[in-house]
Amino acid sequence: MLRSIRKIFHPVWAQKTNRKKGFEEWRYRMVSADHRHSLTLISGIRQGEEAFLQILLQGWEEGLRISYPMDDFRTSDHPFGIALGANRFSTDRILVRLEESHGIFGDVSVSDPQYFPVTLRVPGSLGGYRYVPKMECYHGVVITDAELNGAFSVHGHEIDFTGGRLYLEKAWGRDFPSPWLWVQSNQFKQPHTSFMLSIAEVDWRGSSLTGFFCYLQTPDKLYRFATYTGAKITQWEEQEKWIQVVLEDRKVRLTVKIHRPEGASLHASKSGEGAGMVKETAAGKVDLWLELRNGERILSCNGDPASFGQTGKLEI
């Protein structure tokens, strides 16, 4: 019982310990200091079936998915850590040892992590929805920005991540939502700036709920736009190469323009007839304009690169 209460305030912990069904995954996104290389590592499990590691590198046409027996997956709380075969993931180190099987090896340390705030009243990115039982999918932003030190070797090519940035989030539940859209970047000219937007249609008790969550962390302030904050999507336009969405609350307006190249295919953590692929790119871009409701500009910035993923078609 005590652990069940405490894990609300530690979304990085394994949330589905001893559950028989469902999935849980941790998403590590690393970008080099020169913004030329972006690498996403997704470690996770589908209970009763497999553990897995998915890898997406900027420039790859297809993502890599490696399956492991469930016995090869272990987690700990104090300190937090994931062991997946010979690979290790925590909030201060990422070690990948696939040199013999896939020609990939990396050892990167993490420093100065900026954690997304979690309080009793607003327990993370989901707000009060974190307390709602039996939702299809839950989500938690863990680290909005951190500094990296180390390198990866991918098929004989070394990628130096020293001075680069890390973002860490996770998802867990019965199934991955569909339709779903997600975009994230902490690669802005303004230091200590980070952004993420997620929109999804989630099944709950026989009906569906389309909800969204967005944060913009600037050096001075954290802005949140979400279904639970009373914010609204007031504009949505989707074209082949870009999507533009406008979010508004009582005080401010955020315009988001997502530039999306074709991307690669990753497996969605979804079972049954809904199982399939997610189109994701590590080489997108996002333009942001934040202003007061009267039109006075607060800031404008460009995230390059940005990671973008989408499955299904949202009806906004």
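Side-chain atoms are counted along with the backbone in the values below, which use heavy atoms only and exclude waters and symmetry mates.
- Residues satisfying the ring pair (Phe, Tyr, Trp, His ring centres under 6.0 Å) criterion with H37, sequence neighbours excluded, are H157.
- The main-chain N or O of N149 is found under 3.5 Å from a side-chain atom of S109 such that the two form a donor-acceptor pair.
- With hydrogens and angles disregarded, no donor-acceptor distance shorter than 3.5 Å links the side chain of T193 to the backbone of F188.
- Side-chain atoms of Q184 and R29 include a donor-acceptor pair closer than 3.5 Å.
- Taking a cutoff of 4.0 Å between a charged side-chain nitrogen and a carboxylate oxygen, K257 and E237 do not qualify as a salt bridge.
- Summarising the local packing, CZ of R74 is surrounded by more than 12 heavy atoms from other residues, nucleotides or ligands at distances under 6.0 Å.
- A donor-acceptor pair is defined here as one N or O able to donate and one able to accept, closer than 3.5 Å; no such pair exists between the side chain of W182 and the backbone of Q310.
- Counting only N and O atoms by type, the side chains of E147 and S111 include no donor and acceptor under 3.5 Å apart.
- Between I143 and D145, every side-chain heavy-atom pair lies at or beyond the 4.5 Å cut-off.
- Remark: side-chain polar atoms of T210 are not paired, donor with acceptor, to backbone N or O of E201 under 3.5 angstrom.
- Looking only at atom types and distance, the side chain of W236 has no donor-acceptor partner in the side chain of E315 under 3.5 Å away.
- For the pair W180 and I199, the minimum side-chain heavy-atom distance is 4.5 Å or more.
- Between F225 and the choices L197, V256, V252, the side-chain contact (heavy atoms from CB on, under 4.5 Å) rule is met once, by V252.
- Between L84 and Y68, the closest side-chain pair of non-hydrogen atoms falls below 4.5 Å.
- Every residue was checked against the salt bridge (Lys or Arg N to Asp or Glu O under 4.0 Å) condition with R121, not counting sequence neighbours, and none meets it.
- The cationic group of R65 lies under 6.0 Å from the six-membered ring centre of F52 and within 45° of the ring axis, placing it in a cation-pi geometry.
- Y215 and Q217 share no side-chain donor-acceptor pair at under 3.5 Å.
- Taking 4.0 Å as the cut-off between side-chain N and carboxylate O, D107 and R93 count as a salt-bridged pair.
- Few gaps surround CZ on R297; more than 12 heavy atoms of other groups in view lie less than 6.0 Å from it.
- When only modelled atom types and interatomic distance are considered, T144 and Q114 share no side-chain donor-acceptor pair under 3.5 Å.
- Judged by distance alone, the side chains of D220 and T218 never bring a donor and an acceptor atom under 3.5 Å apart.
- The shortest non-hydrogen separation linking E240 to R260 is O-NE, 3.3 Å.
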Inset, instruction - Decide yes or no on side-chain contact (heavy atoms from CB on, under 4.5 Å) for L39 and I55, but give the supporting numbers first. - result: CA-CA 7 Å; L39 176 65; I55 302 175; 3.7 Å; yes

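- Of the possible donor and acceptor atoms, one in the side chain of S185 sits under 3.5 Å from a partner among the backbone N and O of P305.
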Inset, instruction - Evaluate the criterion side-chain contact (heavy atoms from CB on, under 4.5 Å) for residue pair L41 and N87; output intermediate values, then yes/no. - result: CA-CA 11 Å; L41 304 168; N87 311 299; over 6 Å; no

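- Between D287 and H259, the side chains place a donor N or O and an acceptor N or O closer than 3.5 Å (distance only, hydrogens not considered).
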Inset, instruction - Would you please test Q239 and Q244 for side-chain contact (heavy atoms from CB on, under 4.5 Å) and show each step? - result: CA-CA 9 Å; Q239 300 292 334; Q244 182 163 300; over 6 Å; no

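- Crowding of R36 atom CZ: a count of heavy atoms from other residues, nucleotides or ligands under 6.0 Å not exceeding 12.
- Proximity of a side-chain donor or acceptor of Y167 to a complementary backbone N or O of S194 within less than 3.5 Å is not detected.
- Results of the side chain to side chain donor-acceptor pair (under 3.5 Å) test with K170 over E25, E24, H139 single out E24 as the only residue that passes.
- Taking the ring axis of W289 as reference, the NZ or CZ atom of R253 does not stay both within 45° of it and closer than 6.0 Å to the ring centre.
- Atom CD of E100 sits in a sparse spot, with 12 or fewer heavy atoms from other residues, nucleotides or ligands closer than 6.0 Å.
- Looking only at side-chain heavy atoms (C-beta outward), F212 and L247 come within less than 4.5 Å of each other.
- Here Y28 and F89 bring their ring centres to under 6.0 angstrom of each other.
- Close placement of the H78 and W13 rings is indicated, their centers lying within 6.0 Å of each other.
- In this structure, Q15 contributes its side chain and H10 its backbone to a donor-acceptor pair below 3.5 Å.
- With respect to E291 and K251, no salt bridge is recorded, no charged nitrogen being found less than 4.0 Å from a carboxylate O.
- Classification of D175 and R46 as a salt-bridged pair holds, one side-chain N sitting under 4.0 Å from a carboxylate O.
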